[in-house]
Amino acid sequence: MIGYGSEDSHFVVELTYNYGVGEYCLGNDFLGLTLQSSQVIVNAKKTNWPISEVSPGLFQTEAPGGYKFFLEDKTQPNTDPVQKVTVAVSNLQKSTAYWSDLLGLKVYYEDKAKKSILLGYADNQSKLELQDIGGPVDHATAFGRIAFACPKDELPSIEATMKRENQKILTPLVSLDTPGKATVQVVILADPDGHEICFVGDEAFRELSHIDANADQLLNDAVSADKSDEWFAKHKRQKPSA
């Protein structure tokens, strides 16, 4: 889990590495993550990371694997620099009804010319932008999941609403044990375009989401210990694509 602060008050990204997989096929479902930070732009230029200005004050770059990031050339805020996550939808009206009417996100802004809408649960949190692409959404093999924490007492009603509205539930309300740590409750849904949405009980999740002071070292050790490239080279094979 990586971000600009505690998961209690910041948007974080979960990076998952699967041993033996060389690459993933990107779909058109994830359209980008927008950060407000002039410092990120400075960092990219210092390290010669590919970056381009797509409009005045807005830069675009890509993470390894092709995931897009948009960088606003503004002073990084004291709150979360992650401004929004943009995902593709095939029918903006239908998706807005799902996310706003059923899941309760507030509509902050709608751009009818660009066929996009900005939603969120709170003014001080990162937002979700839905962008109508005018066709089917393809998740390919590199798709992810959006997760929200909420009071655990709200999880049954979320599940009940989806059942009543005949919406897709990928994982009914379940308790997940973490050895030696808190047991969390989750329910996982899918919106009209198949975007996976996880709601997790906040009380137990807060126990699991404490910042680990040794996280950087643990990550570096894990990367150093990964010998999969050597194994595939020794056996004259290439890591397969997912």
Side-chain angles (χ1 to χ4, degrees), residues 1 3 7-14 16 27-33 82 84-111 115-178 181-209:
M1 297 294 192
E7 290 182 76
D8 291 342
S9 56
H10 292 73
F11 180 90
V12 300
V13 175
E14 181 178 7
T16 304
N28 62 4
D29 53 345
F30 176 73
L31 300 181
L33 188 150
V82 180
K84 63 182 179 181
V85 177
T86 305
V87 298
V89 298
S90 60
N91 184 311
L92 187 60
Q93 182 178 3
K94 185 176 182 180
S95 292
T96 300
Y98 180 92
W99 286 91
S100 183
D101 297 344
L102 297 185
L103 293 183
L105 277 78
K106 173 184 175 182
V107 175
Y108 280 86
Y109 179 76
E110 181 176 5
D111 189 327
K115 293 185 178 180
S116 66
I117 194 164
L118 190 70
L119 308 105
Y121 278 117
D123 296 349
N124 62 345
Q125 294 178 352
S126 301
K127 304 301 186 292
L128 174 69
E129 183 178 48
L130 307 179
Q131 175 65 59
D132 195 322
I133 60 173
V137 175
D138 177 14
H139 297 276
T141 62
F143 66 92
R145 173 185 296 161
I146 298 174
F148 299 95
C150 67
K152 66 177 182 180
D153 292 341
E154 293 182 9
L155 295 174
S157 63
I158 292 173
E159 181 182 50
T161 296
M162 293 301 146
K163 287 181 177 179
R164 184 181 69 247
E165 299 296 329
N166 294 317
Q167 298 296 327
K168 185 175 293 186
I169 299 174
L170 300 178
T171 302
L173 182 58
V174 64
S175 295
L176 301 177
D177 293 326
T178 304
K181 297 184 179 181
T183 296
V184 297
Q185 291 184 310
V186 303
V187 59
I188 303 176
L189 316 172
D191 82 346
D193 289 294
H195 291 290
E196 294 189 9
I197 311 154
C198 177
F199 284 90
V200 56
D202 184 60
E203 296 85 348
F205 178 72
R206 284 178 182 266
E207 295 183 36
L208 295 179
S209 63

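All values below come from the heavy atoms of this structure, side chains included, with hydrogens, waters and symmetry mates left out. Predicted model only: the values in this text are computed from it and were never measured. Sequence positions, counted from 1, serve as the residue numbers for this chain.
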Please find the pair of heavy atoms, one from E7 and one from S209, that lie closest to each other, and give the distance. OE2-CB, 3.4 Å
Does the side chain of N28 reach to within under 4.5 Å of the side chain of V137, using non-hydrogen atoms? yes
What distance do E154 atom CD and D202 atom CG have between them, rounded to the nearest 0.5 Å? 9.5 Å
Whether the side chain of E207 engages the backbone of A182 through a donor-acceptor N/O pair (distance < 3.5 Å, no angle test) should be reported. no
Specify the closest pair of heavy atoms between P192 and K94, including all atoms of both residues, with the distance to one decimal. CB-CE, 4.0 Å
Inter-residue atom distance L170.CG - M162.CE, 0.5 Å rounding: 11.5 Å
Specify whether F148 and F199 have parallel, tilted or perpendicular ring planes, treating 30° as the upper limit for parallel and 60° as the lower limit for perpendicular. parallel
Determine whether L103 and D191 make a side-chain contact, defined as any pair of heavy atoms from C-beta on separated by less than 4.5 Å. no
Hey, is the main chain of L189 close enough, under 3.5 Å, to the side chain of Q167 for a donor-acceptor pair? no
Just by distance, do the side chain of K127 and the backbone of Q125 share a donor-acceptor pair under 3.5 Å? yes
Measure from the side-chain N and O atoms of S95 to the backbone N and O of L92, and report whether any donor-acceptor pair falls under 3.5 Å. no
Nearest-0.5 Å distance that lies between atom CD1 in I197 and atom CZ in R145: 10.5 Å
Taking all heavy atoms of G201 and all of L155, pick out the closest pair and write down the distance. N-CD1, 3.7 Å
With a 3.5 Å distance limit and no angle check, can you tell me whether H195 reaches the backbone of A88 through a side-chain donor-acceptor pair? yes
Close side-chain approach of W99 and I117, heavy atoms under 4.5 Å: no
Test item: T171 and V187 side chains (from C-beta on) under 4.5 Å apart, heavy atoms: no
S90 versus G135, closest heavy-atom pair with distance: CB-O, 3.1 Å
So which atom in A140 and which in G27 form the shortest heavy-atom distance, rounded to 0.1 Å? CB-N, 3.5 Å
Check: D123 main-chain N/O paired with Y108 side-chain donor or acceptor under 3.5 Å: yes
For the atom pair OH (Y109) and CG (L119), what is the distance rounded to the nearest 0.5 Å? 13.5 Å
List the steps and the verdict of side-chain contact (heavy atoms from CB on, under 4.5 Å) for V87 and L130. CA-CA 5 Å; V87 298; L130 307 179; 3.7 Å; yes
Do E165 and Y98 have side-chain heavy atoms sitting under 4.5 Å apart? no
Got a donor-acceptor contact below 3.5 angstrom from the S100 side chain to the L105 backbone? yes
Donor-acceptor contact present, side-chain D193 to main-chain H139, <3.5 Å: no
Could you measure the distance from the OG1 atom of T178 to the CG atom of L176? Nearest 0.5 Å is fine. 7.0 Å
Less than 4.5 Å apart, any side-chain heavy atom of V82 and any of H10? no
Nearest 0.5 angstrom please: S116 OG to E110 CD, how far? 8.0 Å
Shortest non-hydrogen pair, K163 vs I169, comes out as CG-CD1, 3.6 Å
